[in-house]
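Notes to accompany the following structure.
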Amino acid sequence: MAEVLLSIKGAEVRRGMGIVLSSFDLQVNSGDIVVIHGANGSGKSTVIETAARLLPMEKGQVSHHQHLTLHSDGRRKKPIKPFGLTLQSNGVIGSETIENHLRTVAALAGKEVDLAPLLESYDIQHRTQDIIAHLSGGQQRKVAVLAGLLPAMVCDEPTLVLLDEPDAGLDDAAIKTLTQHIASLASAGHGLLIASHNPSLREIGTKLHNLEAEKTGVVNAAEPWKTRGQPTQTRNILFRTGHRYASSTHAGLARNGLAALMVFGCMLALGDPSILPSGLWLTGGILAPAFASGLAGDPTSHLMQEARANDWWRSQGQRTPSALGLGVLIGGVVTAGACYVCIGEIEIMLVLIGAIMCEGTMGGVRLLHASTQRLARPNAVFIRLLLPAFILPWALIVSWAAGL
Amino acid sequence: MAGRSAEVLLGLGFAGIMTTLFLGFQWAPSVAIDAFESPAAQRIFYWHVPAAWAAFIAFAVLFTGSAMWFFKRSPLGWRLHVAGAEAGLACGLIAVWSGCVWGAAEWGTPWDWTDVRLNTFGLLTLLALFLVLGRQSQPDGVESRDTFSTFGLFGFVLVPFTYIATRIWEIRHPGPVVGAGDDGGSLSGDMAIVLFIGALSFTIFIIGHILISMRITSLEQRLEQAQHHIDGGK
């Protein structure tokens with residue numbers, strides 16, 4: 001008997017204040033290719049994003065592998081098994097190489113795989129080590145589509161795949177490959193939910209859903225998918241990915257390091273710091289660059305806003321990659337530098353305080369930033385108005401450190 | 001008259017606030033010359049404290065509205081949230097601004113980043129500013145209402161914290177001067193009368209402000225629904 005991979009029951013979903021889905025039911029079983037079609041604005045993307053747990057529901061529930069993952073009462077659980085997702089936006093960070101991105105996606109499914117034949121099938125093997133931002137729009141879409149299919153391609157067990165307009169921007173050859181891959185993955189027992197207008201994708205659909213009624217009956221006779229991945233470690237993947245994002249773009253240095261440098265530079269512009277009276281002002285001057293560096297926030301949070309990468313990661317787990325620990329490094333280094341310039345020696349205790357302060361402030365800013373990510377325009381909201389909340393703790397720590 | 005009750009309350013409150021200003025400067029007794037660094041500036045007290053009191057009422061409305069929206073999806077709750085944030089911002093800014101003027105005269109500095117009450121109240125006002133500006137920056141929707149309501153709920157934690165701050169850390173702000181029991185109260189009868197008129201006026205003003213703000217939000221929602229209907233939405 002076919003396994004139920006996705007079940008949406010009685011869903012009512014709003015976009016803005018308008019109800020887009022009402023009393024909506026959908027089921028995807030292993031072996032199914034469910035193609036959702038309909039006019040623009042009819043709610044195709046809403047179905048995909050609801051299934052991926054990205055949208056809150058007014059009513060109803062979503063289950064993956066018969067385990068509740070999203071309920072209208074606010075319960076939101078990480079799916080028990082990995083699933084593939086391609087959003088309408090690519091959900092990839094431009095500074096990642098194709099190989100790094102796809103390896104991370106496979107690792108989230110607990111597998112590693114030889115990517116060469118897969119990349120070759122989409123004619124992007126020669127760009128494996130290129131960063132995604134350097135690819136054409138169509139090539140970037142190929143990477144995003146492959147990332148969506150990859151969990152099913154590497155897993156032995158039936159896997160759910162959600163694809164939102166996967167064919168958009170692809171050339172004819174790539175659409176043909178995509179169609180073959182979808183059909184063979186379904187033959188291997190995976191279940192796919194696809195939002196698309198493309199006739200060739202509708203042709204292979206075993207169920208067609210126009211958001212009002214479902215039509216079934218098409219038999220998929222494609223050869224089953226054969227490639228399988230090898231098990232790999234997924235421990236600390238968010239930590240490792242966050243640091244890779246930060247280091248590949250030097251965003252930590254550019255954002256946090258520069259903030260510290262600016263504050264320290266402004267202080268130096270006012271005069272010789274070595275003549276500052278010891279005590280509160282000197283300690284404050286030494287710790288100010290680390291504090292400013294923390295206030296610049298987690299550099300990965302800003303990178304994650306590119307092409308809805310943040311939403312892609314949110315759908316895969318409860319958290320997103322972050323450069324946890326980077327604040328300790330940057331805070332420690334800038335405080336050591338400030339110590340050396342101001343008092344001619346490096347005070348280990350102050351360096352330690354600067355490192356912890358920078359990490360703590362960065363964590364607080366990360367939390368504030370994350371709390372607004374569900375908004376339609378997260379960049380337009382004035383969340384930084386709340387940053388003065390960090391001044392009082394900073395002042396209390398400086399005053400305590402000055403007394404040491 | 002019934003349809004204009006919000007305007008009447010707002011007008012009455014405004015008149016009372018102006019009366020308080022007049023009484024505070026012209027009628028209230030002067031404080032002892034050795035009790036304050038700047039005894040004349042102490043008269044700002046009759047505006048500062050009632051404004052802060054009214055801001056706390058507005059923040060309580062904000063909290064109630066946020067809870068009603070977040071847990072019950074109540075449209076009335078959202079209107080209360082919006083009105084509470086706007087009224088909290090108005091009164092919070094009056095309290096902060098008057099406090100800065102008084103602080104500059106009395107303490108020699110308009111702001112002290114180590115005074116807990118000053119900072120927590122300033123943060124509450126910034127939270128109200130964030131909610132007001134944030135709402136204007138986002139399309140109205142469940143996601144934005146949920147997010148801002150969450151901030152309204154968490155922000156209210158600062159209210160009791162601000163209230164007890166001077167009992168725990170008396171840095172710049174004095175401890176309680178009203179209702180502090182036998183040993184703490186320091187208000188004479190005439191001072192208490194002006195303060196009472198001020199508190200009453202600000203309370204009436206804030207109620208009028210909240211009612212008008214709720215009416216405007218309701219009209220905005222009707223306009224949006226009408227536009228959505230014209231666009232062919234469900």
Side-chain angles (χ1 to χ4, degrees), chain A residues 12-23 39-43 46 49 54-59 72-74 76 211 280 284 288 291 311 367-400 402, chain B residues 70-71 73 75 78 89 96 111-151 153-155 157-158 161 165 169 171 220-225 227-229 231-234:
Chain A
E12 182 176 305
V13 182
R14 289 175 186 267
R15 297 303 285 261
M17 291 310 292
I19 296 172
V20 179
L21 293 181
S22 182
S23 304
N40 291 336
S42 58
T46 303
E49 291 179 23
L54 287 172
L55 297 175
M57 292 191 297
E58 296 294 299
K59 291 177 190 161
S72 55
D73 65 10
R76 194 169 181 276
L211 293 170
L280 197 65
F291 181 56
D311 279 341
L367 190 68
L368 282 180
H369 189 264
S371 63
T372 57
Q373 287 310 297
R374 275 180 61 195
L375 292 171
R377 299 177 62 216
N379 287 334
V381 80
F382 299 83
I383 190 67
R384 287 190 167 257
L385 274 174
L386 301 182
L387 288 188
F390 295 101
I391 296 179
L392 177 63
W394 177 77
L396 295 175
I397 290 172
V398 168
S399 135
W400 169 73
Chain B
F70 196 82
F71 296 113
R73 287 284 196 272
W78 179 247
L89 175 62
V96 167
W111 195 267
D112 182 349
W113 286 107
T114 60
D115 186 278
V116 179
R117 173 171 280 185
L118 203 56
N119 280 273
T120 51
F121 192 86
L123 194 59
L124 267 170
T125 308
L126 280 179
L127 177 72
L129 181 63
F130 162 70
L131 293 175
V132 170
L133 293 179
R135 188 176 77 89
Q136 289 169 3
S137 74
Q138 302 295 320
D140 191 18
V142 174
E143 298 92 337
S144 56
R145 290 186 183 191
D146 282 353
T147 302
F148 293 131
S149 297
T150 311
F151 275 97
L153 290 171
F154 279 110
V157 173
L158 287 168
F161 195 63
W169 306 278
I171 298 171
E220 283 174 359
Q221 286 172 348
R222 279 179 56 192
L223 176 66
E224 202 161 310
Q225 277 171 5
Q227 286 172 333
H228 190 65
H229 186 69
D231 290 342
K234 289 176 194 171

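What you see below is based on every heavy atom in this structure, not just the backbone, and it leaves out hydrogens, waters and symmetry mates. Below, read A as the first sequence line, B as the second, and so on, with proteins coming before strands; counting in each chain starts at 1.
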Quiz item: Between T147(B) and chain A, which part of the residue has a heavy atom less than 4.5 Å away: side chain, backbone, both or neither?
Solution: side chain

Exercise. Sort D140(B) into side chain, backbone, both or neither according to what part of it lies under 4.5 angstrom from a heavy atom of chain A.
Key: both

Quiz item: Taking the side chain as C-beta and beyond, is there a heavy-atom pair between V381(A) and F148(B) under 4.5 Å?
Solution: yes

Self-check item: chain B contact via L55(A) - which portion, at a heavy-atom distance below 4.5 Å
Solution: side chain

Exercise. Working to the nearest 0.5 Å, report the span between CG of L385(A) and CG of L129(B).
Key: 5.0 Å

Quiz item: What residue, out of Q221(B), R145(B), Q136(B), has the most heavy-atom pairs lying under 4.5 Å from chain A?
Solution: R145(B)

Quiz prompt | Spacing of CG belonging to L386(A) relative to CZ belonging to F151(B), to within rounding of 0.5 Å | solution = 6.0 Å

Practice problem: Give, as side chain, backbone, both or neither, the part of R135(B) having an atom under 4.5 angstrom from any heavy atom of chain A. | Solution: neither

Quiz item: If we only count heavy atoms from C-beta on, is the F382(A) to V132(B) side-chain gap below 4.5 Å?
Solution: no

Quiz prompt | Close side-chain approach of P388(A) to L126(B), heavy-atom, < 4.5 Å | solution = yes

Quiz prompt | Shortest non-hydrogen contact from S144(B) toward L375(A) | solution = CA-CD2, 3.3 Å

Self-check item: Gap between atom CD1 of I383(A) and atom CG of L133(B) - 0.5 Å precision
Solution: 12.0 Å

Quiz item: With only heavy atoms counted, which part of F71(B) is less than 4.5 Å from chain A, the side chain, the backbone, both or neither?
Solution: neither

Self-check item: Under 4.5 Å from any heavy atom of chain B - which part of E58(A)
Solution: side chain

Self-check item: Toward chain B, the part of P56(A) with a non-hydrogen atom under 4.5 Å
Solution: side chain

Quiz item: At what distance, to the nearest 0.5 angstrom, does CD of E143(B) lie from OG1 of T372(A)?
Solution: 13.0 Å

